[in-house]
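Right, one structure below, let's go through it.
These numbers come from a predicted model, not from an experiment.
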Amino acid sequence: MATGVLQQDVPRAEAAGEPRYKRALDLVLTIGAHVVLSPLLLLLWVGIPLAIWLDSGRPIFYRQRRLGRGGATFMIIKFRTMVADAEQRLAGDRELRAQFLDAYKLRDDPRITRVGRWLRAWSLDELPQLLNVLTGEMTLVGPRPIVEEELSKYGPCADRLLSVRPGLTGLWQALRHEELDYPRRVSLDMEYISRRSLAFDLGILLRTGPSVLGRRGAY
């Protein structure tokens, strides 16, 4: 498995187009899961918004502009896990923002609500992104969608990152190591793009389940 930041010998960007299996896999698994697991998913789709509303009011959903394939932007959808004025609090706290810009996530983030902490622990805040998958803005397995400011962290790998659709889960999300720094995440994203195949995608999906249930690296 690749290690470190890919600063040289960077592979050429993928040719336009993705493997044919990707879209079929997205639709079959996403729709199939809602059919087979309909009672559980219905409970989540109803119960989570209610819990958020009772805990911290509105809005229920969090939307943020992310980079998709080819650099096109789209609005990612999540269940809200932070206080409503989270962005303003981050902008107004210089020390907190400096920590955030290092990895674009914070350990023990003071802006997370009580319900939000539970949702993040089980990755349930990501559930609405299945709508992004259904619309084709995202795929089930791929590099995670980033904000525009993060692109510089990918250096010479940026074009390659944008050559594919971002995913709901991916290689580094399946590993979910708490000490996975940003250079390592870049390396794993590039490894996924190089190795992607139907078998590899299914393997990542199978590894994601136990990783989420074990709550490794969730914060």
Side-chain angles (χ1 to χ4, degrees), residues 29-31 33-66 74-93 95-135 137-138 140-142 144-147 149-150 166-170 172-180 182 185 204-205 207-219:
L29 292 185
T30 302
I31 296 174
H34 277 78
V35 173
V36 175
L37 303 174
S38 55
L40 173 61
L41 289 173
L42 180 61
L43 178 63
L44 293 176
W45 278 110
V46 174
I48 292 174
L50 180 61
I52 294 172
W53 179 69
L54 291 174
D55 180 49
S56 57
R58 296 181 177 180
I60 302 300
F61 297 99
Y62 171 74
R63 295 175 175 84
Q64 186 181 46
R65 193 166 297 281
R66 300 288 179 96
F74 69 97
M75 298 300 289
I76 197 172
I77 310 171
K78 296 184 178 186
F79 284 123
R80 181 174 61 83
T81 59
M82 294 187 179
V83 294
D85 62 343
E87 296 296 332
Q88 291 85 344
R89 291 194 187 187
L90 182 63
D93 190 322
E95 182 178 347
L96 195 66
R97 181 158 180 79
Q99 295 175 25
F100 175 79
L101 291 176
D102 182 54
Y104 281 84
K105 61 191 304 186
L106 290 168
R107 185 182 300 277
D108 300 321
D109 194 326
R111 301 171 298 160
I112 299 177
T113 64
R114 290 175 299 176
V115 169
R117 197 166 300 280
W118 179 79
L119 292 176
R120 287 189 173 209
W122 297 100
S123 296
L124 290 173
D125 58 314
E126 312 279 359
L127 184 62
Q129 288 170 57
L130 290 174
L131 299 175
N132 292 119
V133 172
L134 288 174
T135 59
E137 296 164 325
M138 291 176 60
L140 287 176
V141 183
R144 281 294 294 163
I146 61 173
V147 296
E149 291 78 9
E150 285 180 87
L168 181 61
T169 187
W172 65 264
Q173 292 81 10
L175 297 175
R176 288 172 71 96
H177 292 316
E178 291 192 17
E179 303 305 321
L180 198 64
Y182 213 109
R185 286 159 57 180
I204 289 173
L205 287 170
R207 290 190 67 174
T208 298
S211 180
V212 169
L213 291 176
R215 296 191 287 179
R216 297 197 303 271
Y219 62 89

With rounding to the nearest 0.5 angstrom, report the [atom1] to [atom2] distance, [X] to [Y].
| X | Y | atom1 | atom2 | value |
| --- | --- | --- | --- | --- |
| D109 | R117 | CG | CZ | 7.5 Å |
| L50 | D55 | CG | CG | 11.0 Å |
| I48 | L124 | CD1 | CG | 4.5 Å |
| I76 | I146 | CD1 | CD1 | 11.5 Å |
| M138 | I77 | CE | CD1 | 10.0 Å |

Inset, instruction - Please indicate whether R65 has more than 12 foreign heavy atoms, meaning atoms of other residues, nucleotides or ligands, lying under 6.0 Å from its CZ. - result: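 It does: R65 CZ has more than 12 such atoms within range.
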Inset, instruction - Please indicate whether W45 has more than 12 foreign heavy atoms, meaning atoms of other residues, nucleotides or ligands, lying under 6.0 Å from its CH2. - result: yes
Inset, instruction - Is it possible for you to check whether R97 lies under 6.0 Å from the centre of the six-membered ring of F100, through NZ or CZ, and within 45° of that ring's axis? - result: no
Should [X] and [Y] count as side-chain neighbours, where that means a heavy-atom distance under 4.5 Å?
| X | Y | value |
| --- | --- | --- |
| R207 | T169 | no |
| L140 | L130 | yes |
| R66 | P166 | no |
| T208 | L168 | no |

Under 3.5 Å, which donor-acceptor pairs do the side chains of residues 36-44 form with other protein atoms, sequence neighbours left out?
{"from": "S38", "atom 1": "OG", "to": "V35", "atom 2": "O", "distance (Å)": "3.4"}

Legend entry - Derivation and outcome, side-chain hydrogen bond (donor to acceptor under 3.5 Å, both in side chains), residues S56 and T113: CA-CA 7 Å; S56 57; T113 64; 4.6 Å; no
Inset, instruction - Determine yes or no for a side-chain-to-main-chain donor-acceptor pair under 3.5 angstrom, with R80 supplying the side chain and M82 the backbone. - result: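 Looks like yes, one N/O pair under 3.5 Å.
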Inset, instruction - Would you name the heavy atoms of P59 and I52 that are closest together and state the gap between them? - result: O-CG2, 4.2 Å
Legend entry - For R89 against R111, the heavy-atom pair lying closest together: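 R89 and R111 have their closest heavy atoms at CB-CD, 4.2 Å.
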Legend entry - Ionic contact status for R144 with E126, cut-off 4.0 Å: yes
Legend entry - F79/F61 aromatic ring centres below 6.0 Å: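 Judged by ring-centre distance (under 6.0 Å), F79 and F61 do meet the cut-off.
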Legend entry - Matching residue for Q129 among N132, D125, L127, V133 - test: side-chain contact (heavy atoms from CB on, under 4.5 Å): N132
